[in-house]
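Given the structure is predicted, the values throughout are model-derived calculations rather than measurements. Atom set for the values below is all heavy atoms of this structure, side chains included, hydrogens, waters and symmetry mates excluded.
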Amino acid sequence: MTRLDDHRQMDAEAEHLRQRRRDLLAEANRRRWRLHRLPDLQQQLARATTDLMRLELEARRETESKPDGHDSIHAGPRYWWIDE
């Protein structure tokens with residue numbers, strides 16, 4: 001996985017994972033009648049999908065945690081009865 005502060009590298013890795021997943025899906029489609037006998041291909045496809053989803057989720061968390069571009073540490077839930 002890449003560092004989240006380097007967006008170019010993260011975008012390149014995401015594109016690489018998308019291409020890998022497309023290639024695996026194309027191979028699975030070509031072999032769809034024998035796919036049940038190809039557990040390695042199924043595992044590779046599942047791994048590529050999981051890695052891509054994990055990368056996108058990390059990127060989403062990164063953007064949600066810094067809505068204004070500042071590094072702010074949120075200690076926990078904020079309550080209306082606690083003045084800060």
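- R18 is linked by a side chain to side chain contact (heavy atoms under 4.5 Å, CB included) to A14, E15, R22, L52, E56, counting only residues two or more places apart in sequence or in another chain.
- Summarising the geometry, atom OG1 belonging to T50 is positioned 9.0 Å from atom CG belonging to L45; distances are rounded to the nearest 0.5 Å.
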Apply side-chain contact (heavy atoms from CB on, under 4.5 Å) to the pair Q42 and L38, showing each step before the final yes or no. CA-CA 7 Å; Q42 292 176 349; L38 300 170; 5.6 Å; no

Tabulate below the donor-acceptor pairs under 3.5 Å that side-chain atoms of residues 25-32 make, not counting sequence neighbours, or state none.
{"residue": "N29", "atom": "OD1", "partner": "R32", "partner atom": "NH1", "Å": "3.1"}
{"residue": "R32", "atom": "NH1", "partner": "N29", "partner atom": "O", "Å": "2.7"}

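- The distance from the CZ atom of R54 to the CG atom of L17 is 10.5 Å, given to the nearest 0.5 Å.
- If you take CZ on R21 and CD on Q44, they are separated by 14.0 Å, rounding to the nearest 0.5 Å.
- Checked against side-chain hydrogen bond (donor to acceptor under 3.5 Å, both in side chains), R20 has no partners two or more places apart in sequence or in another chain.
- Residue pairs meeting the salt bridge (Lys or Arg N to Asp or Glu O under 4.0 Å) criterion with at least one partner in residues 35-48, sequence neighbours excluded, do not occur; the list is empty.
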